[in-house]
Protein chains: 2
Amino acid sequence: MTGPVPAATVARLPGYLRALDELAERGVETTSSEELATMTGVGPAQLRRDLSWLGSNGVRGVGYEVLRLRGRVAEALGVGADQPVVIVGIGHLGHALAGYLRSEGSTYRVAALVDADPDVVGTTVAGLVVEHDRHLAEVVRREGAVLAVLATPVGVAQEVCDRLVEAGVRGILAFTPVALRVPQGVTVRSSDVASELQILGFHTRLPPPR
Amino acid sequence: MTGPVPAATVARLPGYLRALDELAERGVETTSSEELATMTGVGPAQLRRDLSWLGSNGVRGVGYEVLRLRGRVAEALGVGADQPVVIVGIGHLGHALAGYLRSEGSTYRVAALVDADPDVVGTTVAGLVVEHDRHLAEVVRREGAVLAVLATPVGVAQEVCDRLVEAGVRGILAFTPVALRVPQGVTVRSSDVASELQILGFHTRLPPPR
DNA sequence: AGTTGTGAATCGATTCACAGCC
DNA sequence: GGCTGTGAATCGATTCACAACT
């Protein structure tokens with residue numbers, strides 16, 4: 001039932017949203033837990049349990065109405081609400097992310113790009129002029145940024161993180177291998193390529209156990 | 001005890017490895033579950049339970065010897081074993097990842113870069129000449145690539161994934177929002193910026209519940 | 001005295017299986 | 001007849017708390 005949605009469920013919602021978008025695009029009006037489950041690679045029971053946290057969205061004996069369900073999932077994720085994003089650290093990675101998040105189809109509004117390197121500040125990246133790190137707090141407040149993408153070198157990550165939080169950011173996506181400390185009420189997700197490869201490396205250490 | 005290491009534990013090992021590297025660099029010879037736990041943001045009990053899956057690595061009443069423990073964790077993750085990586089899709093993101101994984105300090109050997117765009121094929125990126133997608137299988141076999149990074153457009157991700165697996169890749173890190181289907185024995189981890197922002201968006205939908 | 005390693009307890013997430021509804 | 005929503009059962013992961021050991 002509707003209530004505190006489990007973290008594991010939240011992590012799967014974006015996958016459901018994408019599957020629903022694809023169905024909508026194909027003009028499909030009604031779907032089933034079976035179909036959605038195979039599209040997203042989870043079990044049908046899990047899918048039904050996940051959706052039930054968002055309330056009752058289907059019709060017994062019939063299935064789910066694609067557009068209605070899409071709306072519920074999007075609403076839960078805050079997709080459509082305006083949540084401006086600031087990207088800090090415009091190296092190769094920050095550059096790539098800026099381009100990706102400003103390409104057509106992206107539902108996020110990248111409000112500003114920030115970097116500390118004087119050679120980068122003032123250049124135009126993905127249609128935005130890079131601003132100086134010195135003005136970070138000011139930029140966050142000016143744009144009302146709620147989310148931030150952190151793509152700085154590891155050494156300054158915690159410090160930048162602190163300033164983002166201080167300026168009012170409530171969610172941070174960090175591309176660093178270090179655990180960032182944040183106060184209650186702020187959410188951090190970290191994703192680091194090297195760490196991910198190490199996790200894969202664990203499974204590929206040995207020849208297939210078949 | 002030593003045995004089938006839980007997936008949740010494996011996902012934390014890279015963090016422990018990094019913390020141990022930092023201690024080693026600072027010349028610290030001995031540490032405790034308390035210290036490692038605060039460095040990595042987990043609880044001391046969890047840290048001890050995690051490490052116990054790799055065997056008995058500490059000394060009661062004393063703590064853990066940094067270098068010895070580092071060795072055990074690195075070994076478990078296959079760090080140090082030569083696991084060549086192929087990067088497929090040399091757009092902005094693939095370019096950034098190639099640079100990152102070939103920078104000093106990286107323990108991974110990027111063996112080849114592959115793309116389908118004739119304007120990109122033949123160019124030099126991060127010191128490597130980009131090869132044509134047509135030769136993907138050949139490149140994987142030639143280099144003995146065990147791991148692959150998938151940074152192609154969504155539309156071709158599953159197809160490229162199939163060919164990577166067919167050619168012998170055993171672990172795939174995919175930067176796409178779709179669930180990739182792979183046979184038993186192959187591991188996939190997916191990380192997509194838009195999905196991550198949506199997950200953060202869930203938590204920031206509402207004003208702080210303080 | 002101090003810290004690990006681990007049984008036992010707890011908490012959370014997944015799966016089963018079916019009652020409830022169209 | 002068919003598919004959802006959900007109690008009950010299962011499985012897995014975290015935390016507690018202490019015995020084992022230096």
Side-chain angles (χ1 to χ4, degrees), chain A residues 1-16 19-20 23 28-73 76 179 199 202-203, chain B residues 1-16 19-20 23 28-73 76 179 199 202-203:
Chain A
M1 265 290 282
T2 218
V5 188
T9 293
V10 175
R12 281 185 295 265
L13 294 181
Y16 302 157
L20 288 164
L23 289 173
V28 176
E29 289 179 4
T30 300
T31 185
S32 65
S33 61
E34 186 68 41
E35 182 172 43
L36 276 173
T38 44
M39 287 179 76
T40 52
V42 307
Q46 173 147 196
L47 186 128
R48 291 200 300 274
R49 173 77 70 193
D50 282 342
L51 294 183
S52 80
W53 291 108
L54 310 183
S56 189
N57 293 288
V59 180
R60 291 169 204 239
V62 177
Y64 300 95
E65 197 207 318
V66 172
L67 291 179
R68 171 169 151 64
L69 184 55
R70 203 215 90 97
R72 296 291 279 123
V73 175
I199 296 170
F202 175 87
H203 299 284
Chain B
M1 264 290 282
T2 216
V5 186
T9 294
V10 175
R12 282 186 294 267
L13 293 180
Y16 302 156
L20 288 164
L23 290 172
V28 177
E29 289 179 4
T30 299
T31 185
S32 64
S33 61
E34 187 68 40
E35 182 173 40
L36 276 174
T38 43
M39 286 179 77
T40 52
V42 306
Q46 175 150 170
L47 187 127
R48 293 199 300 276
R49 173 77 71 194
D50 282 344
L51 294 183
S52 79
W53 290 107
L54 310 182
S56 189
N57 293 289
V59 179
R60 288 170 206 240
V62 178
Y64 299 95
E65 197 207 319
V66 172
L67 291 179
R68 171 169 151 66
L69 184 55
R70 203 214 91 96
R72 296 288 283 122
V73 175
I199 295 169
F202 174 88
H203 300 283

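Letters A, B, ... are given to chains in the order of the sequence lines, protein chains preceding strands, and every chain is numbered from 1. Keep in mind that what you see is a predicted model, and the values were worked out from it rather than measured. No hydrogens, no waters, no symmetry mates; every other heavy atom, side chains included, goes into these values.
Contact of A/Arg49 with C/dT15 (side chain to base): a donor-acceptor pair of N or O atoms is detected under 3.5 Å.
With B/Tyr16 as the partner, the side-chain contact (heavy atoms from CB on, under 4.5 Å) test is satisfied by one option alone out of B/Val42, B/Leu69, B/Leu36: B/Val42.
As judged by a 4.0 angstrom heavy-atom cut-off over every strand, A/Gly58 is placed among residues touching the sugar-phosphate backbone only.
Across the protein-nucleic acid pair, A/Leu47 atom CG and C/dA13 atom P stand 17 Å apart, rounded to whole Å. Whole-Å rounding puts the B/Gln46 CD to C/dT3 C1' distance at 18 Å. The distance from atom CZ of A/Arg60 to atom P of D/dC3 is 14 Å, rounded to the nearest whole Å. Atoms CG (B/Leu51) and P (D/dT15) sit 15 Å apart, rounded to a whole Å. Rounded to an integer number of Å, the gap from B/Trp53 CH2 to C/dG7 P is 10 Å. In this structure, the CD atom of B/Glu34 is 16 Å from the C1' atom of C/dG5, given to the nearest Å. Rounded to an integer number of Å, the gap from CG of B/Asp50 to P of C/dT6 is 13 Å. Distance A/Glu35 CD to D/dT4 C1': 15 Å, rounded to the nearest Å.
Of the candidate nucleotides C/dC16, D/dA13, C/dT14, D/dA13 has the atom lying nearest to any side-chain atom of B/Ala8.
In plain terms, the two heavy atoms of A/Pro14 and B/Ile199 that are nearest each other are CG-CG1, 3.8 Å. When all heavy atoms of B/Ala37 and B/Gly43 are compared, the pair lying nearest together is CB-C, 3.8 Å. Across every non-hydrogen atom of B/Ala19 and B/Met39, the tightest pair is O-CE, 3.6 Å.
In this structure, the side chain of B/Ser56 does not engage the main chain of B/Ser52 through any donor-acceptor pair within 3.5 Å.
For the OP1/OP2 pair of D/dC16 and a distance below 4.0 Å, the side-chain nitrogens and oxygens of B/Arg48 include no atom meeting the criterion. Taking only side-chain nitrogens and oxygens, A/Ser33 never comes nearer than 4.0 Å to OP1 or OP2 of D/dC3. One finds no side-chain N or O of B/Tyr64 lying less than 4.0 angstrom from the OP1 or OP2 phosphate oxygen of D/dT22.
If you find the closest nucleotide of DNA chain C to B/Ser52 and to A/Thr9, the one lying nearer the 5' end belongs to B/Ser52.
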